[in-house]
Amino acid sequence: MQSEKMEPVNYYVGIDVGTASVRAALVDQFGTVVAYADQPIQMWAPQPDHYEQSSDDIWSACCTVTKKVIERIDVGHIRGLGFDATCSLVVLDNNFHPLAVNFEGDCNRNIIMWLDHRASDQVRRINETRHSVLCSVGGVMSVEMQPPKLLWMKENLRESCWETAGCFFDLPDFLSWKATGVPARSLCTLVCKWTYSSERGWDDSFWKLIGLEDLVADKYAKIGNEILPPGAPVGNGLTPDAAKDLGLPSGIAVAASLIDAHAGGLGMIGASVKGYNLPCENQPITSRIAVICGTSSCHMGISESPVFVPGVWGPYYSAMVPGFWLNEGGQSATGKLIEHVVQGHSAFPELQAKAAASAQNIYMYLNGHLDLIKKSLPVGFLTVDLHVWPDFHGNRSPLADLTLKGMVVGLTLSQGIDDLALMYLATIQAIALGTRHIVETMETAGHHVNTLFMCGGLSKNPLFVQMHADIMGMPVVLAQEVESVLMGAAILGACASKDFASLKDAMEKMGRVGKIVLPNHKDKRFYDKKYQVFLKLVKHQQEYKTIMQST
């Protein structure tokens, strides 16, 4: 519990609720992860495009992982607690009890998950209004945001859910409420997913226009009328009941939360890069873009002035880094897509057996197998005749078209492990090409980016990282602590504790650079050609849609 100078060391707990698990980290004031734990959480998919979770199950998992990471520490040295989570929608009744968001009436399933696409008709109608609030979501609202989900509930579960609902929370805000008893919302969640404006507040005309005028009543009490900047202390800190659940001291600081991708950006984008010979050294922080890649991927770019990017969410003021405008691009399926392609291949059982025999996970085995079959060429060149369009779950950015489908060009009759490895490689390249599409669109609109900062589960895969470096033609910076999302959550807790002068101060002192992956510039011509093919794939798909819709 002591530093070299025998001075007390302060600690902070970061809790991250992802799509499939809850994770916690105990982080010291120098940005070192001292302890880590994770716990799976339940997910239900009762019908196509419907994905649900349980707030009780998630809170229970938060308590389990927190108790694990603090079991060997004097809890008196823990100064703050921060949460981040997916932007899923939590529904509670007037007594703050879970309320069913499904036709079965199962109140345990009271969360509509971020990846749920049940509200596709509702979001289409919202976008047809062309209301001015859509300017801050790239011109087109995503089905993953909260207004279409709220409208779906009103139209489909009016009596069982809508009329008895007392509170609608974004999942990160539910967690800070559960910890403090204060129903304040984070500026991050409301601005990014609910159409709240940091400058103008709620827009009554939007909610009335889309048929949700009842939310305007009582000053938006059901969706939030107390808004705090990320990292601000919430209420009087941890309540006695929540402290007992988590195993933490009552009253420690609890921070206003962040969406998980934004926590990942916060955890690494502000790190000092002095001495690494990176293009962003001695450049403003706006020259960096954070790529948070897990089940899906998010691309977080910041600017000193608002930049409006077609098909990219934002600009949002102070939604991630205080004082900067945020644009958020994204891909709806990345880790999920790789898993889908690999596990759906006929050679997957063979892959499992060979990976187990060599004591490797399946992706490390595939990386090694690609090295074996590449011969004298760089690994990436193996897909010269194989191309993938990765939007199997629709396009989030920059086309903002949830109706787009995936595409594979160059299939053969091969079904062996070599073919599986090539499909895996082509899919990773397609995701990286999608990142290039997003970043180039942002640059055309006014961003100036020269360095990628990457975190998330996929950043642990060296092939995934190298393909992004090569296809983007930029260095990729990996954080010293690979769990940058958890670091971001812990930084929130550190800020709320007042141990640091500001959120930016905590970012700079706790975020640290780890490995740097440089691009292979000699391969640029090949990847430029792959990118040309990539853009033609979507052009052809859009033409096919036009033809079919006209018949």
Just wondering, do [Y] and [X] contact through their side chains at under 4.5 Å, heavy atoms?
| X | Y | value |
| --- | --- | --- |
| Leu99 | Leu92 | no |
| Ser198 | Tyr316 | no |
| Asp391 | Val538 | no |
| Met472 | Thr435 | yes |
| Thr66 | Ile15 | yes |
| Arg396 | Trp313 | yes |
| Met268 | Met487 | no |
| Leu81 | Leu238 | yes |

[atom1] ([X]) with more than 12 external heavy atoms under 6.0 Å:
| X | atom1 | answer |
| --- | --- | --- |
| Glu159 | CD | no |
| Glu213 | CD | yes |
| Lys336 | NZ | no |
| Asp121 | CG | yes |
| Lys222 | NZ | yes |

Could you check whether any side-chain N or O of [X] sits under 3.5 Å from a backbone N or O of [Y], counting only pairs where one atom can act as donor and the other as acceptor?
| X | Y | answer |
| --- | --- | --- |
| Asp116 | Arg118 | yes |
| Asp38 | Val22 | no |
| Ser60 | Asp56 | no |
| Ser318 | Gly323 | yes |
| Asp203 | Thr195 | no |
| Gln146 | Leu190 | no |
| Ser484 | Gly264 | no |
| Lys193 | Val191 | no |
| Thr286 | Ile302 | no |
| Asp93 | Gly166 | no |

Could you tell me whether the side chains of [X] and [Y] share a donor-acceptor contact shorter than 3.5 Å?
| X | Y | value |
| --- | --- | --- |
| Trp202 | Asp204 | no |
| Trp44 | Asp106 | no |
| Ser54 | Asn108 | yes |
| Ser88 | Gln53 | no |

I'd like to know whether Val101 forms a side chain to side chain contact (heavy atoms under 4.5 Å, CB included) with Lys149, so could you lay out the CA-CA distance, the side-chain angles of the two residues, the decisive distance to 0.1 Å, and finally the verdict.
CA-CA 10 Å; Val101 296; Lys149 294 174 185 175; over 6 Å; no
Heavy-atom pair with the smallest gap, counting every atom of [X] and [Y]:
| X | Y | result |
| --- | --- | --- |
| Trp162 | Met153 | CB-O, 4.1 Å |
| Pro230 | Ala319 | CG-O, 4.0 Å |
| Ser332 | Ser296 | O-CB, 3.4 Å |
| Ala256 | Leu228 | CB-CB, 3.9 Å |
| Met454 | Ser459 | CG-CB, 3.7 Å |
| Val485 | Cys455 | CG2-SG, 4.3 Å |

Should the pair [X]-[Y] be classified as a salt bridge under the 4.0 Å nitrogen-to-oxygen rule?
| X | Y | result |
| --- | --- | --- |
| Asp241 | Lys244 | no |
| Lys178 | Asp245 | no |
| Arg125 | Glu128 | no |
| Arg436 | Glu443 | no |

Given the side-chain rings of Phe103 and Trp152, with only the six-membered ring counted for Trp, is the space between their centroids under 6.0 Å?
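Between Phe103 and Trp152, the centre distance is under 6.0 Å.
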From [X] atom [atom1] to [Y] atom [atom2], the distance as rounded to the nearest 0.5 Å:
| X | Y | atom1 | atom2 | value |
| --- | --- | --- | --- | --- |
| Leu402 | Asp49 | CG | CG | 9.0 Å |
| Phe169 | Ile111 | CZ | CD1 | 12.0 Å |
| Glu339 | Thr427 | CD | OG1 | 12.5 Å |
| Asp16 | Arg23 | CG | CZ | 4.5 Å |
| Asn236 | Ser250 | CG | OG | 9.5 Å |
| Leu326 | Tyr317 | CG | OH | 12.5 Å |

Kindly indicate, with the supporting measurements, whether the criterion ring pair (Phe, Tyr, Trp, His ring centres under 6.0 Å) is fulfilled by Trp177 and Phe168.
CA-CA 12 Å; Trp177 164 76; Phe168 300 103; over 10 Å; no
Determine whether Leu266 and Met300 satisfy the following criterion, side chain to side chain contact (heavy atoms under 4.5 Å, CB included), listing intermediate values before the conclusion.
CA-CA 10 Å; Leu266 190 76; Met300 320 296 283; over 6 Å; no
Worked verdict on Ile338 versus Phe464 for side chain to side chain contact (heavy atoms under 4.5 Å, CB included)
CA-CA 11 Å; Ile338 295 170; Phe464 185 89; 4.3 Å; yes
Restricting to side-chain hydrogen bond (donor to acceptor under 3.5 Å, both in side chains), what partner residues turn up for Asp84, sequence neighbours left out?
none
Go through it in stages, so that I can follow the logic: the residues are Phe308 and Trp325, the test is ring pair (Phe, Tyr, Trp, His ring centres under 6.0 Å), and I'd like the CA-CA distance, side-chain angles, deciding distance and then a yes or no.
CA-CA 10 Å; Phe308 291 86; Trp325 295 84; 7.8 Å; no
Please step through side chain to side chain contact (heavy atoms under 4.5 Å, CB included) for the pair Leu150 and Lys154, ending with a clear verdict.
CA-CA 6 Å; Leu150 293 165; Lys154 182 174 182 178; over 6 Å; no
Can you tell me which residue pairs pass the side-chain hydrogen bond (donor to acceptor under 3.5 Å, both in side chains) test with a partner in residues 252-262, sequence neighbours excluded?
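Non-adjacent pairs meeting side-chain hydrogen bond (donor to acceptor under 3.5 Å, both in side chains): Asp173-Ser257, His262-Glu328.
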Taking only residues at least two apart or on different chains, which pairs with a member in residues 117-151 satisfy ring-ring contact (aromatic ring centres under 6.0 Å, His included)?
His117-His393, His131-Phe206
